[in-house]
Each structure stands twice: as C-alpha cells, then as structure tokens.
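To start, the structure under review is shown below, and the notes come after it.
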Amino acid sequence: MPDPQTSSYLDSLNDVQRQAVTTIDGPVLVVAGPGSGKTRVLTYRIAHIIEQGTAPWEVLALTFTNKAAREMKERIETVVGKRASYIWAGTFHSLFARILRVEAQHIGYPTNFTIYDTDDTKSLIGSIIREFHLDKQVYQANAIKNRISSAKSSLITPKLYEKNEELLAQDKMANMPLVYKIYAAYVARCKQAGAMDFDDLLFRLYELLQNHPEVVAKYREKFKHVLVDEFQDTNTLQYAIIKRLVQYPNSPRNICVVGDDAQSIYAFRGATIQNILDFENDFGQHNIRVFKLEQNYRSTENIVNTANAVISYNKRQIQKKIWSDKGTGDKINIIKAVDDNEEGRRVADTILEQKNRYHLQNSDIAILYRTNSQSRIFEEYLRRFNIAYRVYGGQSFYQRKEVKDLIAYLRMVVNPNDEEAFRRSINHPKRGIGGTSVSKVTDLARQQNITLFEALKHVALPNRTRHAADGYIHTIEQAQAKADTANAYELADAIAKGSGLTDMLRNDKSIEGMGRLENHEALLDGIKSFVEEDTLIDTDTLPDKSLATYLQNIALLTDFDSNEENQTGDVVTLMSVHAAKGLEYKSVYVVGLEEKLFPSWMSMDSMEGLDEERRLFYVAITRAEFYLTLSYANTRYRYGKMVMNEPSRFLSEVPADAIENTSSNRRSADHEYDEVSRQREQRASVTGVAPRNRRGTARFAAPKVDPATFQPSPAEEVQTGRNVLHLKFGEGKVIDVDGGADNRIATIHFSELPQPEKRIMLKFAKLQVLD
DNA sequence: CATATGTAGATTTTT
DNA sequence: TCTACATATG
C-alpha cells in the first residue's frame, strides 16, 4: 500500500539515487562522492525496505558516529513514522556492545561488562609494563596500545601474534621484543576485570560469531538487511564481522555498503579501502550492483573542480567524475600570514567581512584545522571580534577527571572486578590508601588470582589503613546491595555522598574546585534525566534504565554527542577536519596549510601517509558550499617554540585558475587590515555585546567566571590599579604592568587563589577590565 | 602518606 | 605550552 509519502520520496531522487534506493535484494555497492546525497540514499533505502514489508528491527544499519546514526533515524522517521526507532541503527561499537551484553555468557563475560576507554587501556598497559619490570621509556604505553589495537583490528589474537614473525621482527626493531607478552597479559587482565576496550567490542563479537553457530544463526536470521555507512573507513575486523553476518550458504546477501575511497581518512586506525575492492570480489558472483553517485549537490563548480584536481594527485582510486551544476561560484581565497597570530586575526577579519558582504550567519561558517590545538588562536580572535563560536572535539564531558572519578565508583558497583575503576576510586577522595597499600593489594590479588576488590578485603594492612579500606568496601557493597531495587540515579547519588566525593568537591572553594563541583552535579543530573526521560534507547527489548546500561552508553559518547545545549545558537564552528566529515557549511576556512602540519609530519615519510593527508584535505575543501578560504602562516608557535614552515604542498595542487587573484595584493593591504581590525576590536569591546555560546568547558579547566557574560577588554585597558576579571582566576587587582610595548606583562593579585599573585602576558590573556 | 616543587618529555586524527 | 612523573619535604 503505497502511501503518498512513499511515492514522494522516490520522486525527489535522481536516477542513480533511485536505483540505489530501490534495489534492495542482493549485494549493493554505492560509491558516493561528497555532497552526492549519500545520507539521503541510505535513509530512503531503509525507509523503502520497511515500506516493502521488512520489520524495522530486522534492519541493521551501521555507522561510525552516533551523530550519523541519530540523523539517519530522524530522517527515516519523517518517512515511516515512529517505527523508525526500532531500527538497529547505530555505531559499530554501540550496536555490538548491545549484542555482546545479551550474549555475554557465551564468551565468559558478565552481562554488565565494563567498557575501558583509552585512558583505562593506557593505564592498564602501564601497570603491566611496571609489573614486568620493563623500562617504560622503551616500552611506551601509547605505542603498545596502538600495536595491540591494530593487531586486534587485523584479527590477530595474542597466540597468532606470538607466532607472527613479521610483527615480532618489528617489535625487535623497535627495541620492544616483549610486546607479545604484554598483549597476552593485557587481554587476560581485561577478561579478568570483565572489561572490554573499544576494539574488543568488535573483536569479541567476531569471536562470538565465529565460535557459536547457534548465536550467529540467530543474528543471520534476525537481520534481513544490513547497511554500512562510510564503508571506506571500516577495518578488516569490521568487514569480517559484516561478512560473517551476511555471507553464508543460501543467504539472500541483502547488504548495501556506501562509501567513497577518496574520503578514507582513518587508515591510521586500521581502516582500509581494500575492503571496497574486496567487497566487489567477495560478492561479485552474486549479482552485485554498483551505483556511482557523481553529482555533487553541495558545492560550486570551482570547489568541486579544485577537489577533483587535488585528489587526482593520488594514484589508485575508483574511477569517477564528480560534477556540479551549481554554477562557477566564487574563487578560492588564500590567506598568507606571517605567523599564527596573524592567521587568526586575518581569518576572524575575513569572517566578519564575509558575513557582511554575503549576509552569512555564524552557523554558515566553519574553521577546520588539522590538529585540535590549533583552535586557540582562532578562539582568541573570534572572541575579540565578538563572533560567537563553538569548539568541537577535544575532551568530552565524560572524560573529565571529576566526572570519571564518580563514574569509577559506579563502575565498581556494577562490576567489582573492574581493575581500572578500582585504581581510580580506591584513594579518591584521599583516604590514606597510597601506593604502598595498593601494591600490597595487587600482590595478593596476583598471588591468589583474585580481584583487587577481593584482595582489599583480605590483605593485611596497618590499622588506620584497614579502617579506611573498610569504609571504601562498605560504600561499594552497600550500593551493590541496592542495585536491584534502586534506579541509576538513586545509586549514583548515594555513592556520591557515601564515597565523600561530593563533600570533597564542596570543600574545595577554589575556582577550579567549583567548576569541578558543577561538572560533578551535571553528571548526576545527566543520570537523572537518563532515568526519567523517555528517550527510549533504541531497542526492541524493554527500555533499560539500569546503571549498567547507562555506563555502557556513556562510554561510547564523544564530544559531538554531548546533549548539553546542543548546536543551539548561531555560532561559528571550529573543529578538526576529521570531525567535519559529513558536514557542510556555506563558507569554510581550512587553516594551517603548512608542511609538517597539514600534511602532518607524522605522515610525511610514506606515500600512503601523504595520500591519506591529501584525502583529508579533499574532505576539508568539499565541506564548502560557496566560499572556500585556505590559510597558512610562515611561522607559528609549537610547544612554546617558534618554528618556520613552508606552505603546504597541497596549496600548489590547487589549480591556479580557481584562486582569487588578490593574493598578491594582500601583503600591501596588510597595514590597512591592521587598522581596520583594530578598530573593530575596539568597537566590539565598547558595544559590550557578550560573546555567547562558547562552551565554557571546552578548553579551559573549570572557569571561575561565567563565560557567557565575560567580555574581554583590549590589552591597552589593563593598567595598574584596575580591577580585572580572568576567565580562570576570577577577580583580581593589577599591581603592576611592565615589559615592552608589544609584550606587556601584568602582575595581578587574585584574592581567590591560594597563590594570589600571577604574572600574565597581556598578549595572551583574556582579561575583562571591571572599572 | 600527602603535598610541593622541579624537570623532562611529548605533542595527529577518534570509536 | 602543558602534562606527567620524580623527588624532597612535611
């Protein structure tokens, strides 16, 4: 029964798109260029599948980000209605975690297994290195973490690793011949702790499907259609799981993968475009259909042509011709700055100019950089120019110390075997159980092969310490006892009080401390709304409000997903190029185009590395709809040192006829620019419009001052005797100002600080003059 | 065991 | 510049 909506959604598609949507039987590969309506095809295809009679919960749609999944579901909902919430649409990690939770008993894991994040992983590897008495300068936890991660992503178990001559040789070369032992120990310890890291969520599922025929049969039966977004970013392990689910005798092979080899930017994480090529082979004999979406609906011809020209420097790609009919459009603007400071100022300046000339909203504009650390200068100038902005990326709310501290307790309640949660919570707040005691506990645990928590109960300790330990044990066990009857919020609240965490934070009257308390309370609020809100977790089972579910959910959230005042307001977006994948803006600034930065120095010594950087650049420029501005600086500060860099090779790959011809004029116009922008800064601070929507939490630890009302003043106004406000330090009085004209240093007395006197470089500081 | 202070070291991208 | 760790001191 074709309802009117059904026919209308098909009408809005072009021929290729429509075929990709309606060919729902058998394997389909969609090669989708940037802006070619990929998401549209995916969502309509799912809608179509459901309209054709498949139940929503029989559709598995895998994405890389929660955001992509959410967006997809919302869009499907407009076509098929509320049923959309039953679709199994989500990230690889979250959906697999959900399956693993149900099937945990098959692989010797508790249902309430913990998900170790990167910090937990690193810390555990660190412990193992220590216990093996290895030199941690040589055996760097981070490097080993990456080794282990890529092993798992390539389906290499510790046993296989141990026998793999190539890997062993590499490790020897790196002076770390024992990595295989650390790997084995790491896996054992995770298992013992009832914990899985990000890779385990994939790897353990793979093993489950591999070793338990009745389980794999169940999911093969369940998922009638499988769709994979961003297929170019899947790794070997992910593809192996997909194949396991779809490829078997008499399978209908209803699988659709969508990807673009030119936008593969996660090879460093084990993603391989080989999967696209393999897909054609693996499903080739089963009437595979290949659709190429080549029309770009997003960008002007100038931008599309530039992107094509740039990516053509990469050999080895799937043949396709991306085109646009949106008209030639504006040429590309290139900003050459002498240093990073000027880059920031000129970009902010150009943004203002563009806003006026083209009537752009802030939200039409994005600044994209290679590394998150580049955001600072742009933040600084946007603030000075009173342009509202929002920084994405960096630390997510759930990774802040004070938040993780409370979460550690909650993790202990749900899974007392969780070793990393134990280490984090045992002496926090300080209760006098230091390194010595923890060593004793660890030794006993190893010796008797029991968990740290068990060991803590039985280990011999001096009286004082014993007493403290008992208090800790009591808190955890009391909460455990209530775990069945109380909801997540009640438990968390009881723990926060019982552990002394809340008290500790309350007693910290410092400005940072108050910020931490705020975050602590925000976490509790978050748990409360998790319990109360009716945002039903996408599931075909009952909504699950347990603490365990909550913990598994938040473990997989990133900065992008933070629910707080999401994308509200008209703000300029600042983020890394990686984070920008899938997004579009009327005007895009790709900044820091310098050798060793973009392309990154880490990638410059190999062809593959460079190609990936180029694809990254390709992704960056194809985010732009109408205006594209590229910028670089001749010198910039890095780790406090000035470094000189050549302009990026990618700039020379941009066709000359696509570039605005004013770049030669820019230099002579610099002086004028300076004047204009200085006046603007002045005006901005006088009008007193508070910069809005800055995420108070993004870059500065626990600001003292509400960033919403904070208005930085021009440095010249900071003079001896004045009272000023500092974002981090709060209120203070200027005692003295010294230093050269362009390097003035103020000595300021901040009464709220334990060490009140601070010397602040006015060049960098954000100060608001109060009187 | 906790805290203060110093120094060395490291900085890509993220589920 | 910032952080993490080591050391010294209370």
Side-chain angles (χ1 to χ4, degrees), chain A residues 62-69 90-97 115-119 121-123 126 130 136-137 140-143 145-146 149 152-153 196-202 230 233-235 237-238 264-271 368-374 376-377 392-396 398-399 401 427-439 461-462 464-465 468 555-561 575-581 592 596-604 609 612-613 615-617 619-620 636-643 699-701 754-755 761 764:
Chain A
L62 297 162
T63 66
F64 271 83
T65 63
N66 297 302
K67 185 166 166 289
T91 63
F92 282 88
H93 296 269
S94 69
L95 293 183
F96 292 176
I115 297 173
Y116 274 177
D117 70 9
T118 315
D119 286 342
T121 298
K122 254 198 282 191
S123 146
R130 231 173 296 123
K136 67 172 182 264
Q137 309 283 7
Q140 286 178 22
N142 230 334
K145 191 201 82 198
N146 290 336
S149 173
K152 284 181 184 168
S153 305
M196 298 199 204
D197 64 20
F198 290 139
D199 299 309
D200 286 331
L201 294 175
L202 311 179
E230 309 281 12
D233 289 331
T234 52
N235 61 33
L237 173 55
Q238 285 162 323
S264 161
I265 54 175
Y266 286 106
F268 72 94
R269 227 163 74 186
L368 308 182
Y369 32 76
R370 178 66 240 264
T371 64
N372 281 316
S373 58
Q374 286 167 258
R376 286 188 92 173
I377 296 189
Y392 285 90
Q395 224 186 14
S396 96
Y398 298 103
Q399 309 202 297
K401 279 191 203 77
N427 198 27
H428 204 279
K430 303 254 183 289
R431 47 170 75 82
I433 306 177
T436 317
S437 303
V438 173
S439 290
L461 292 171
R464 252 165 168 281
T465 322
L556 298 170
L557 291 183
T558 60
D559 188 43
F560 248 115
D561 311 312
M575 64 185 156
S576 71
V577 180
H578 280 89
K581 191 175 63 167
K596 298 182 187 169
L597 182 59
F598 198 175
S600 155
W601 60 274
M602 297 279 321
S603 317
M604 285 178 65
E612 174 141 318
E613 295 287 316
R615 291 192 295 267
L616 199 52
F617 184 51
V619 167
R636 76 170 59 238
Y637 276 96
R638 240 186 157 179
Y639 333 126
K641 271 198 173 156
M642 173 97 90
V643 289
R699 290 270 156 232
F700 301 106
Q755 230 197 349
M761 294 185 71
F764 303 117

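Note on A:Lys136: only backbone sugar-phosphate atoms sit closer than 4.0 angstrom, heavy atoms only; bases stay farther off. Looking at heavy-atom distances under 4.0 Å, A:Asp199 makes no contact with the nucleic acid at all. Among the protein residues, A:Phe198 comes within range of the nucleic acid bases, having at least one heavy atom under 4.0 Å from a base atom. Using a 4.0 Å heavy-atom criterion, one finds that A:Thr465 contacts no nucleic acid atom at all. In this structure, A:Lys430 reaches the sugar-phosphate backbone alone: every heavy-atom distance under 4.0 Å involves primed, P, OP1 or OP2 atoms, never a base.
OP1 or OP2 of B:dA2 sits under 4.0 Å from a side-chain N or O of A:Asn427. Between A:Gln140 and the phosphate of B:dG9, there is no side-chain N or O to OP1/OP2 separation shorter than 4.0 Å. Distances shorter than 4.0 Å separate some side-chain N or O of A:Ser437 from OP1 or OP2 on B:dC1.
At least one side-chain heavy atom of A:Val643 sits under 4.5 Å from a side-chain heavy atom of A:Arg636.
To the nearest angstrom, P of B:dT11 lies 19 Å from CZ of A:Arg636.
Nearest-nucleotide assignment on DNA chain B puts the 5′-proximal partner with A:Arg638, out of A:Arg638 and A:Thr91. Both A:Ile433 and A:Phe268 lie near DNA chain B, and the one whose nearest nucleotide falls closer to the 5' end is A:Ile433.
Rounded to the nearest 0.5 angstrom, A:Ile265 CD1 and A:Leu616 CG are separated by 5.5 Å.
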- Step by step, would you call A:Gln238 with A:Leu202 a side-chain contact (heavy atoms from CB on, under 4.5 Å)? CA-CA 7 Å; A:Gln238 285 162 323; A:Leu202 311 179; 3.7 Å; yes
